[in-house]
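Working notes, beginning with the structure itself.
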Amino acid sequence: NLINKTMEKVTRKIPEPIKRMVRQKCYFGCIICGCPVFTYDHFEDFALVYEHTIENINLLCPNHHTAKTTGKLSKDRILEASQIPFNKLREKSSSFNIEKSRTVEVLVGGTKIHKDFTGGVDDFAVLMVRCFCFLGLESDENWISIYLNLTDENGNILLTCDNGELQVNTGVYDFIYEGTTLIIRRKKGVILCEISLSNYKIHIKKGYFLNENKVGFIVENGTTKFMYNGIAKNTFTDGEMSFPKGFYGQAAFRIGKCV
């Protein structure tokens, strides 16, 4: 009867504050390999303890979670990894590979951007400050991969995606990448970045793309702001932009010349 009463009070759904503290404890990645795409795993099965505690929950990537649940990964290995998670001594998490695609839909704020990649090798910058690309697409024989550098409001890089290899700075306050939704928070209730990200679509709903001089772009509320020394100079709202094939080094939004 006591077990039944406990089960009635505690569901399998982990409370959000507990999940956030587990993410922070595990440095936003699988405790064994550091992958920033993860599941929440009870060290002692929930069916036995009927509780959600920070100490009993770890982050495991889909591969290591499957290995555990199918008996291929020992509890001793998980326990050891939980003491020193893979990402703890690293500035960045290990990488998660976002596969290449034949087409990628790009939406920055309220602006749809189309680029024709037919014809072979080509690179295309969506957001660029001088020679530095914050958001772009790289094509090799018509296979397209995503390039991304996301910052905070002071120009510190929080997340990168180089040739589809996504990594997050382990010093952020909070990070999730669930389904296609990627969110970074500066503190509780304050979102720095919100992106819908897959191999075939990237939608920047909110994000900072600034250099150390606070020159770059801020995307929020359906607009793209052009920033100079932290001051908004121009704002681009809803629209569509199309770019033909070829013309290596094209950019949809650019500040300054590449010298």
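Panel note: side chain Ser93, backbone Val168; a donor-acceptor pair is recorded below 3.5 Å. Judged by distance alone, with hydrogens and angles left aside, the side-chain atoms of Ser101 form no donor-acceptor pair with the main-chain N or O of Val104 at under 3.5 Å. With hydrogens and angles disregarded, no donor-acceptor distance shorter than 3.5 Å links the side chain of Asp140 to the backbone of Trp143. Judged by distance alone, with hydrogens and angles left aside, the side-chain atoms of Asn149 form a donor-acceptor pair with the main-chain N or O of Cys133 at under 3.5 Å. Panel note: side chain Gln167, backbone Phe96; no donor-acceptor pair is recorded below 3.5 Å. Judged by distance alone, with hydrogens and angles left aside, the side-chain atoms of Thr224 form no donor-acceptor pair with the main-chain N or O of Gly109 at under 3.5 Å. Between the side chain of Thr235 and the backbone N or O of Thr223 there is no donor-acceptor pair closer than 3.5 Å.
The 12-atom threshold is exceeded at NZ of Lys19, counting heavy atoms of other residues, nucleotides or ligands nearer than 6.0 Å. Enclosure of atom CD in Gln83 by more than 12 non-hydrogen atoms of other residues, nucleotides or ligands within 6.0 angstrom is indicated.
Note: the hydrophobic cluster containing Val106 also contains Ile204 (ILVMFWY, side chain heavy atoms under 4.5 Å, direct or indirect links). Taken together through direct or relayed side-chain contacts under 4.5 Å among Ile, Leu, Val, Met, Phe, Trp and Tyr, Tyr177 and Ile31 form parts of separate hydrophobic clusters. Leu107 and Phe236 end up in different hydrophobic clusters when Ile, Leu, Val, Met, Phe, Trp and Tyr side chains are linked at under 4.5 Å. Both Ile218 and Phe132 sit in one connected hydrophobic cluster of ILVMFWY residues. Membership requires side-chain heavy atoms under 4.5 Å apart, directly or through other members. A single hydrophobic cluster is seen to contain both Leu127 and Tyr228, as judged by linkage of ILVMFWY side chains at heavy-atom distances under 4.5 Å, directly or through other members.
Taking the centre and axis of the six-membered ring of Phe43, the NZ or CZ atom of Lys75 falls inside the cone set by 45° and 6.0 Å.
Here the closest heavy-atom approach between residue Leu192 and residue Lys206 is recorded as O-CG, 3.9 Å. Taking every heavy atom of both residues into account, His52 and Ile18 meet most closely at O-CD1, 4.3 Å. Nearest heavy-atom pair, Thr170 versus Arg90, reported as atom, atom and distance to 0.1 Å: OG1-O, 2.6 Å. Across all their heavy atoms, Lys100 and Asn199 have their closest contact at O-ND2, 3.2 Å. Considering all non-hydrogen atoms of both residues, Ile32 and Leu73 come closest at CD1-CD2, 3.5 Å. Nearest heavy atoms, Leu210 versus Asp152: CD1-O, 4.0 Å.
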Donor-acceptor contacts, no H, no angles, side chain residues 58-66, under 3.5 Å, sequence neighbours left out:
from	atom 1	to	atom 2	distance (Å)
Asn58	OD1	Lys25	NZ	3.3
Thr66	OG1	Pro62	O	2.9

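Interatomic distance, Asn169 CG to Tyr27 OH, rounded to the nearest 0.5 Å: 12.5 Å. Taken from SG in Cys26 to CE in Met21, the straight-line distance is 12.5 Å, to the nearest 0.5 Å. The OG atom of Ser198 sits 12.5 Å away from the NE2 atom of His203 when rounded to the nearest 0.5 Å. The CD atom of Glu55 sits 10.5 Å away from the OG atom of Ser82 when rounded to the nearest 0.5 Å. Distance check, rounded to the nearest 0.5 Å: OG1 of Thr39 to CD1 of Ile57 gives 11.0 Å. Expressed to the nearest 0.5 Å, how far CD of Glu99 lies from CD1 of Ile146 amounts to 11.5 Å.
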>> Go through it in stages, so that I can follow the logic: the residues are Leu137 and Asp123, the test is side-chain contact (heavy atoms from CB on, under 4.5 Å), and I'd like the CA-CA distance, side-chain angles, deciding distance and then a yes or no.
In response: CA-CA 6 Å; Leu137 303 175; Asp123 290 336; over 6 Å; no

> Where do Leu148 and Ile195 land on the side-chain contact (heavy atoms from CB on, under 4.5 Å) test, with the steps shown first?
Replying inline: CA-CA 11 Å; Leu148 176 64; Ile195 298 175; 4.2 Å; yes

>> What verdict does the side-chain contact (heavy atoms from CB on, under 4.5 Å) test give for Ile98 and Cys161, after you've listed the backbone C-alpha separation in whole Å, the side-chain angles of each residue and the deciding distance to 0.1 Å?
In response: CA-CA 9 Å; Ile98 298 175; Cys161 186; 4.1 Å; yes

> How far apart are the C-alpha atoms of Tyr173 and Lys188, what are their side-chain angles, what is the distance that settles it, and do they pass the side-chain contact (heavy atoms from CB on, under 4.5 Å) test?
Replying inline: CA-CA 8 Å; Tyr173 171 77; Lys188 184 178 179 180; 3.6 Å; yes

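In this structure, Phe86 stands alone, with no Ile, Leu, Val, Met, Phe, Trp or Tyr side-chain heavy atom under 4.5 Å from its own, directly or through other members.
For the pair Asn142/Arg102, a side-chain contact is recorded, criterion being any heavy-atom separation below 4.5 Å from C-beta on. When side chains are defined from C-beta on, Asn213 counts as touching Asn211, because their heavy atoms get closer than 4.5 Å. In this structure, the side chains of Leu150 and Ile157 stay at 4.5 Å or more apart for every pair of heavy atoms. For the pair Val129 and Phe134, the minimum side-chain heavy-atom distance is below 4.5 Å. Looking at Ile184 and Asp174, their side chains never come closer than 4.5 Å, going by heavy atoms from C-beta outward. In this structure the side chain of Leu197 reaches within 4.5 angstrom of the side chain of Leu182, judged on heavy atoms. A heavy-atom distance below 4.5 Å is found between the side chains of Ile191 and Ile183. Between Ile113 and Phe253 there is a side-chain heavy-atom pair separated by less than 4.5 Å.
Under a 4.0 Å N-O distance rule, the pair Arg186/Glu153 qualifies as a salt bridge. Ionic pairing of Glu220 and Lys225 is present here: one or more N-O contacts between side-chain nitrogen and carboxylate oxygen are shorter than 4.0 angstrom.
The aromatic rings of Phe38 and Phe175 sit perpendicular, their planes meeting at an angle over 60°, well past the 30° parallel limit. The aromatic rings of Phe217 and Phe226 sit perpendicular to each other, their planes meeting at more than 60°, with 30° as the lower class boundary.
One side chain, Tyr40 or Arg23, offers a donor N or O that lies under 3.5 Å from an acceptor on the other. With no hydrogens or angles considered, no side-chain donor-acceptor pair links Lys13 and Thr11 at under 3.5 Å.
Screening Ser145, Ser94, Ser95 for a side chain to side chain donor-acceptor pair (under 3.5 Å) involving Glu165 leaves a single residue, Ser95.
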